[in-house]
Every structure is written in structure tokens, then in C-alpha cells.
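Input: a single structure, listed below in C-alpha cells.
One-based numbering, in listed order, for ligands and for the atoms of each.
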Amino acid sequence: MKHTQKKIVVVGTGYVGLPAALMWAKAGHAVVGVDINENVVRAINEGVMHINENELRELMADPVVKKNLSARTSPCEGDVFVVAVPTPVDHARKTADLAFVESAVESFCPFVKRGNLVIIESTIPPRTCRDVVAPIIEKHTGMTVPGDIMLAHCPERILPGDIFREIVENDRLIGGMDDASTEAAAQVYASFVTGALHRTDDISAELSKLMENTYRDVNIALANELAAICENLGADPRKVIGFANKHPRVRILNPGIGVGGHCIPVDPWFLREIAPYDSRLISTARLINDEVPLRVAGKIRRAVRDIASPRIVLLGATYKRDCEDQRESPAHEVAAQLERDGYDFAHHDPLVSGKEYASLVEIAKGADLIAVLVPHSRMVEELRAQDAAIRAAMRTPRIEYYEK
Ligand SMILES: NC(=O)c1ccc[n+]([C@@H]2O[C@H](COP(=O)([O-])OP(=O)(O)OC[C@H]3O[C@@H](n4cnc5c(N)ncnc54)[C@H](O)[C@@H]3O)[C@@H](O)[C@H]2O)c1
């Protein structure tokens with residue numbers, strides 16, 4: 001099917017905005033990426049990919065994309081405005097910090113014309129489209145939303161590391177404030193999405209997106225709670241979970257060192273913010289998962305308690321294995337606990353620059369404990385292959401895996 005070509009202004013060209021901008025440019029739309037970060041804008045205009053994904057790098061070099069995509073630091077006129085800026089959690093209040101969304105929307109209001117479509121891809125608390133975004137546009141343009149201007153929430157579900165495939169193949173929620181908004185937004189995504197486009201309203205889309213990550217968080221909390229129960233009883237949580245999962249309708253996840261990344265530990269708070277009383281399980285799960293790094297630090301302390309001036313090596317700093325992303329990483333929380341208590345420790349990660357990593361035998365020299373916090377495949381292979389040499393280099397040959 002041939003889609004009408006549009007001018008699409010993507011505000012925020014990070015992990016979420018840039019891949020979408022590339023896809024729309026490849027599909028033949030004229031795309032302007034807008035970012036307040038000058039380095040990001042320069043990189044896009046020079047055809048340099050600032051996100052570490054090979055297929056996206058290739059797409060960036062595609063002649064059609066080069067022709068259709070440009071970047072700038074301030075918005076301009078367009079047919080469609082897509083907002084993909086950060087929505088962090090305010091750590092003290094556990095509520096969404098919508099400052100980026102508000103300023104992004106304000107920034108393109110002077111260029112919005114009747115009949116334009118605004119799409120919010122950023123993850124937002126329920127009712128943000130109608131209680132925050134629509135009023136800002138109405139105030140600054142004097143037009144009605146929806147009506148004069150269409151507005152939809154189309155949340156993103158991509159997994160960093162596999163963005164290129166997921167952005168195309170994943171099903172997508174298209175939540176318009178009215179039918180016209182939903183239909184217009186669906187057409188924009190139909191130009192590159194092969195997954196199903198599920199048409200709904202803005203509040204349902206906002207809620208569904210948050211519930212996806214909340215579902216994961218609550219299930220991880222259940223696994224972590226089980227691990228704590230097992231520990232007190234001297235049982236092996238992996239065995240217990242394995243047996244329970246033999247039930248045809250049970251699938252308990254594996255316990256870990258906590259929950260990281262900038263989605264799963266954040267999104268549940270956006271539900272609590274809007275419905276504090278009705279989200280008690282969700283809030284408790286969040287607290288359970290936030291507590292896990294403290295428990296891990298406790299286990300490390302106990303592992304070295306009989307050693308005078310113990311030297312500890314922490315391995316893995318990212319929020320999950322085999323990725324480079326350190327955002328909200330529980331491994332950092334473990335390190336912070338040990339630092340607070342004055343332990344002598346070093347923290348290494350082969351995937352993170354600045355966490356210098358030579359060879360594990362070198363790193364292990366004189367250590368009393370190697371605590372594997374994030375078991376990156378490459379690191380675990382090296383640990384296994386060099387086991388004897390690593391233990392020989394240690395003062396006390398003890399290696400513990402805290403994420404199973
Ligand atoms: N990364 C993911 O895997 C993922 C998945 C699903 C949803 N999300 C959500 O998508 C949204 C964006 O996340 P991200 O990972 O792309 O963030 P990011 O930090 O990678 O990129 C956001 C970009 O927005 C820019 N920016 C901030 N304020 C701006 C403004 N006023 N005008 C123009 N640019 C501005 C920043 O400079 C940055 O380059 C968040 O709400 C996030 O929760 C992310």
C-alpha cells in the first residue's frame with residue numbers, strides 16, 4: 001500500500017526517537033530530528049550513529065535515509081510532531097518528571113497548524129495526554145485538542161540490542177484522543193510497522209504500556225521474594241522454581257540482584273502516582289525489588305566477614321547481562337553500599353568503558369572475593385576457562401555468582 005508522504009518532526013532523537021526517525025525516512029517521509037543535544041544533532045547530520053546497533057548504523061548510511069532525514073536543535077513546521085524525550089522518575093517523590101515532555105511540546109507549539117497530528121511516544125502516566133499535553137497545545141496555539149489538532153499516545157516497546165527488528169515487527173498501540181487522531185496516527189506507523197496496529201483511546205494506551213513493565217516488575221519481585229524465603233530455609237531457589245515451573249500454568253522468573261534499566265523500575269511508579277490505593281501490590285513489588293541490591297551487599301559482607309581487610313572484586317556494572325546500558329543498574333547500588341561501609345573493592349565490566357578490564361587473572365590478583373553481579377557471557381566464559389589461574393591469583397579463592 002502506498003502511504004501519503006508527510007513531514008514528520010521527531011522531537012528527542014535518542015534510543016526511541018532516532019530509530020523511528022530512520023524508519024520514517026526510509027519509508028519516504030521527510031523527517032526532521034530535533035534534539036537539544038548539539039552533539040546528537042551533529043552526529044545525525046554527519047550520518048554518524050550515536051546508538052550502538054549495527055543495523056541502525058547501516059540504515060543511517062542508506063541513500064534514501066540520507067536524503068530524507070536531517071536534524072536540528074529547534075523545531076520547525078511539519079504535519080506530524082512526535083515526542084520521544086525522557087520521562088524519568090522523580091526519585092524523592094516517586095512520580096513522573098514530565099518537565100522534558102512539557103518543554104518539548106511547548107517548543108513546537110509555535111509551528112503547529114490546524115490538522116496537524118501530535119504523537120507522544122514517551123512513556124507517560126495515565127491521563128497525561130488529556131491533562132498535560134492537550135492543555136499546553138491549546139494554551140499556546142488557541143486551537144482545540146482533539147479537533148483542530150489531533151493527539152495520540154503510541155508507546156514504544158523496543159528492546160535495546162534488537163531495536164531494528166522490534167521497531168518493525170512488534171505490535172503497536174495507537175491510542176488517539178478521538179477516532180480521527182487514532183486513524184491518522186495508525187497511518188503514520190503503517191508506513192514501516194509490520195506488526196498489528198491496535199487502535200484504542202489514549203488512556204488505555206497509557207495504561208497498557210505501563211502495565212507491561214509493571215507485570216515484569218511484579219513477577220520479578222515474586223521470584224526475588226521466593227529467593228529470600230529459600231535463603232532462610234537453606235533451599236536452592238533455582239531448584240524450587242524449576243520444580244514449580246513443571247506445573248503447566250506456572251512460570252516463575254529467575255531471581256536476580258535487583259531490577260534496572262530505565263523502564264521496569266520506573267514505569268510502575270507512574271501507575272502508583274495516579275492510583276495510590278489501588279496499586280498496593282505494584283508499590284510493594286517495587287520496594288521488594290529495590291531492596292535486593294541491599295540484600296546482595298549483605299551477602300557479600302557476610303562472605304568476607306572473617307577476613308581482615310578483605311579485598312573484593314565486583315564484576316558487571318550494567319543493568320542486565322550482555323548489554324552496555326548502566327541506567328538504574330542495581331550493580332551500582334551494590335557498589336554504593338560497599339563504598340558506604342568503607343570496603344576495599346574494585347568494580348570491573350568488560351562492556352563498559354571506564355570500568356577498565358584487562359584479564360580476569362590480572363583483576364583477581366590478591367582478591368578475597370570475586371562477586372559476579374552481572375554474568376555477561378564473555379566474562380563467564382573467561383571465568384570458567386581461566387578458573388584455576390584466577391583462583392591461584394586470589395588471596396582467598398572464592399568466586400560467587402549473585403545473579404543466577
Ligand atoms: N529506550 C528504550 O528502550 C525505551 C523503550 C520504551 C519506551 N521508552 C521511553 O521513550 C522515551 C525516550 O527514551 P529514550 O531511551 O529514547 O531516551 P534518550 O535519553 O535515549 O533520548 C531522549 C533524547 O531527547 C532529547 N531531549 C530532551 N529534551 C528535549 C527537548 N525538549 N527537545 C528536544 N530533545 C530533547 C535528549 O537530548 C535525548 O537525546 C522515555 O519516555 C522512555 O521511557 C524507552
Please determine if Glu156 has a nitrogen or oxygen closer than 3.5 Å to a nitrogen or oxygen of ligand 1. no
Can you list the ligand 1 atoms lying under 4.0 Å from a non-hydrogen atom of Val11? 32 (N), 33 (C)
What residue and atom, counting heavy atoms only, is the protein's closest point to atom 30 (C) of ligand 1, and at what distance? Ile36 CG2, 3.8 Å
In this structure, atom 37 (O) of ligand 1 is nearest to the protein heavy atom Asp35 OD1, 2.6 Å
Does the N or O separation between Val16 and ligand 1 drop below 3.5 Å for any pair? yes
Of the choices Ala96, Gly17, Gly14, which has the non-hydrogen atom that lies closest to atom 18 (P) of ligand 1? Gly14
Looking only at heavy atoms, the pair that brings Val85 and Gly12 closest together is CG1-CA, 4.0 Å
Thr123, any N or O under 3.5 Å of ligand 1 N or O: yes
Do the ring planes of Phe81 and Phe108 sit parallel (below 30°), tilted (30 to 60°) or perpendicular (above 60°)? parallel
Does Ser103 have a non-hydrogen atom less than 4.0 Å from ligand 1? yes
Side chains of Glu333 and Gln337: is there a donor and an acceptor less than 3.5 Å apart? yes
Between Asn213 and Arg216, do the side chains contain an N or O donor and an N or O acceptor separated by less than 3.5 Å? no
For the 3.5 Å polar cut-off, considering only N or O atoms, please tell me whether Tyr15 and ligand 1 meet it. yes
Side chain to side chain, Thr128 and Ile120, heavy atoms closer than 4.5 Å: no
Note: heavy atom closest to atom 22 (C) of ligand 1, options Pro86, Gly261, Ala104, belongs to Pro86
Could you tell me whether Arg272 sits above the aromatic face of Phe270, with NZ or CZ closer than 6.0 angstrom to the six-membered ring centre and within 45 degrees of the axis? no
Could you tell me, atom by atom, which parts of ligand 1 come under 4.0 Å of a heavy atom of Ile158? 3 (O), 5 (C)
Ligand 1 atoms in contact with Val34 (distance to a heavy atom under 4.0 Å): 33 (C), 34 (N)
Side-chain H-bond candidate by donor/acceptor type, Thr182 with Asp179, under 3.5 Å: no
Between Arg302 and Glu400, is the closest basic N to carboxylate O distance under 4.0 Å? no
The protein heavy atom nearest to atom 24 (O) of ligand 1 is Gly12 CA, 3.4 Å
Backbone or side chain, does any N or O of Thr87 fall under 3.5 Å from an N or O of ligand 1? yes
Quick check: do Leu117 and Asp79 have side-chain heavy atoms less than 4.5 Å from each other? no
Any N or O on Lys209 sitting closer than 3.5 Å to an N or O of ligand 1? no
Could Lys209 and Glu206 be called an ion pair, given the rule that one side-chain N must be under 4.0 Å from one carboxylate O? no
With backbone taken as N, CA, C and O and side chain as the heavy atoms from C-beta onward, which portion of Ser122 lies under 4.0 Å from ligand 1: side chain, backbone, both, or neither? both
Between Arg327 and Asp325, does any side-chain N to carboxylate O distance fall below 4.0 Å? yes
Heavy atom of the protein closest to atom 15 (O) of ligand 1 (residue, atom name, distance): His262 NE2, 3.2 Å
Sub-4.5 Å side-chain heavy-atom contact between Lys239 and Cys230: no
Measure Glu106 to ligand 1 on non-hydrogen atoms and call it side chain, backbone, both or neither using the 4.0 Å cut-off. neither
Checking a contact table here: which protein heavy atom is nearest atom 40 (C) of ligand 1, and how many Å away? Val85 O, 3.5 Å
Can you sort out which atoms of ligand 1 are near Asn37, meaning under 4.0 Å from one of its heavy atoms? 37 (O)
